[in-house]
Amino acid sequence: MAAFGALGLAAWLAEQARRVGMVRPSAVQAACIPPALQGRDCMGCAKTGSGKTAAFVLPVLQKLSEDPYGIFCLVLTPTRELAYQIAEQFRVLGKPLGLKDCIVVGGMDMVAQALELSRKPHVVIATPGRLADHLRSSNTFSLKKIKFLVLDEADRLLEQGCTDFTKDLEVILGAVPANRQTLLFSATLTETLNELKSLAMNKPFFWESPAEVRTVDELDQRYLLVPERVKDAYLVHLIQTFQDEHEDWSIMIFTSTCKDCQILNMMLKKFNFPSVALHSMMKQKQRFAALARFKSSVFKILIATDVAARGLDIPTVQVVINHNTPGLPKIYIHRVGRTARAGRHGIAITLVTQYDIHLVHAIEEQIKTKLQEFSVEERAVLDILTQVNVVRRECEIKLEASEFDEKKEINKRKQMILEGKDPDLEEKRKAELAKIKRKNKQFRDSVRQTLQERTQLQVKRKLQKRMRRRQRLAAKEEK
Ligand SMILES: Nc1ncnc2c1ncn2[C@@H]1O[C@H](COP(=O)(O)OP(=O)(O)OP(=O)(O)O)[C@@H](O)[C@H]1O
């Protein structure tokens with residue numbers, strides 16, 4: 001495969017890439033860097049861990065070196081941790097340029113970010129919510145001259161649902177120029193291809209990994225059929241097994257809710273498995289600290305919700321365990337993609353209960369691969385079953401006593417204060433917004449009602465007119 005220089009990158013940039021271990025471009029880099037350098041919009045759909053980040057960082061840095069000014073490039077990504085990770089790649093690869101970047105994410109000081117933005121950094125890496133807040137509340141910076149708009153995990157940014165970014169993306173797209181280059185990347189682009197294409201201003205160059213199998217070959221994908229009520233005992237047994245056989249291995253465990261994440265973290269500590277949790281109910285500083293301790297192998301076990309499912313690049317992760325079967329195949333693809341990255345091997349085990357069989361079939365259909373059964377010693381699991389369930393109950397009671405749910409509300413309020421917002425004002429704003437929405441709905445319903453009544457009236461009049469005409473005709477015929 002051609003070297004980076006042959007892709008059109010300047011010697012200094014190819015050398016910088018080499019210095020950080022990128023000697024030969026990966027398939028998605030070899031495919032997308034040339035058209036990006038030629039000024040085309042690009043969409044890259046490549047497997048997890050295949051170097052999509054550098055596929056947009058390198059061409060952006062190349063173009064920036066030819067015309068250095070700020071704000072040159074805006075990168076949007078769905079989570080705060082990913083924003084920091086992308087910024088790190090820009091800093092490492094852009095070091096010879098003296099790159100100035102600015103990270104704009106929630107949970108951090110908004111005033112400091114506004115100050116940094118006003119200094120016109122070359123590259124802004126942001127989560128949509130916080131950037132939209134800045135655009136709504138201040139005019140101390142402009143995105144009018146950006147050359148590149150990059151959407152990392154693009155399909156997640158455009159996903160509709162409870163935590164969708166739609167309104168924020170509308171604000172941001174209104175603030176960027178039409179004559180820009182748009183680069184879109186993800187491991188699961190295809191489902192939202194049309195919406196994504198509408199984002200690209202001109203006919204985008206589209207590249208998709210040719211392999212039919214959607215997950216990497218180096219990934220050993222297993223399942224474990226377990227009854228729902230003994231799932232935790234299997235989890236503890238799996239961790240014990242891996243830690244006995246490979247004490248240097250790092251394990252990422254995914255679960256569905258913040259509460260479950262918290263309880264499992266408490267449980268594992270009681271079984272002397274030092275672990276850290278990562279979920280959206282934690283304060284931002286706690287999230288960063290947990291990730292740093294896991295990345296540096298101070299802790300070998302990370303329990304996370306799907307806030308950590310996409311993009312996180314932690315080379316030491318050898319095992320991914322799905323404590324719950326992901327509801328969507330693409331969530332599965334991203335979760336298990338946290339291991340077996342950049343050509344390394346890894347194993348992913350999904351705990352499948354009697355209620356999840358259909359989910360496994362949907363996953364296998366999407367990834368075009370059959371999961372193999374992972375065998376364990378049932379006896380060993382039964383031996384710890386009671387103890388695990390007792391410990392879980394103790395942790396649940398302890399968590400309830402700590403008013404975890406109430407904390408969620410308090411956390412939200414604290415977060416707003418930290419971000420310079422007034423929680424009561426926000427509460428009032430939300431109530432007013434809800435009232436306006438209710439009134440609008442009532443108005444629409446009454447209009448619809450009136451139209452229906454009017455239509456019925458018109459139909460009735462027409463029928464009466466037709467009846468009267470028939471009566472007149474009948475009367476004439478009688479004469
Ligand atoms: N050409 C290359 N040669 C060697 N290593 C590379 C190369 N490109 C990227 N890498 C390394 O591969 C790892 C994965 O890269 P990256 O995080 O960009 O993958 P990705 O495709 O974005 O994954 P995901 O879909 O999970 O976000 C990183 O550690 C990165 O430094």
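Each residue takes its place number in the sequence, starting with 1. Atom set for the values below is all heavy atoms of this structure, side chains included, hydrogens, waters and symmetry mates excluded. As the structure lists them, so they are numbered: ligands from 1, and atoms in each ligand from 1.
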Which residues satisfy the salt bridge (charged side-chain N to carboxylate O under 4.0 Å, His left out) test with R293, sequence neighbours excluded? none

Heavy-atom contacts under 4.0 Å to ligand 1, chain-then-number order, include exactly F4, G21, M22, R24, P25, S26, Q29, K47, T48, G49, S50, G51, K52, T53, Q89, E153, G311, D313, R338, R341, A342

Contacts of type ring-ring contact (aromatic ring centres under 6.0 Å, His included), residue Y84, not counting sequence neighbours: F288

Validation row: Q240, F273 side chains within 4.5 angstrom (heavy atoms): yes

Less than 4.5 Å apart, side chain to side chain, heavy atoms only: is that true for P121 and I71? yes

What class does the angle between the rings of H246 and W249 fall in, given that below 30° is parallel, 30 to 60° is tilted and above 60° is perpendicular? parallel

According to the salt bridge (charged side-chain N to carboxylate O under 4.0 Å, His left out) rule, which pairs have a member within residues 3-17, sequence neighbours left out? E15-R18, E15-R19

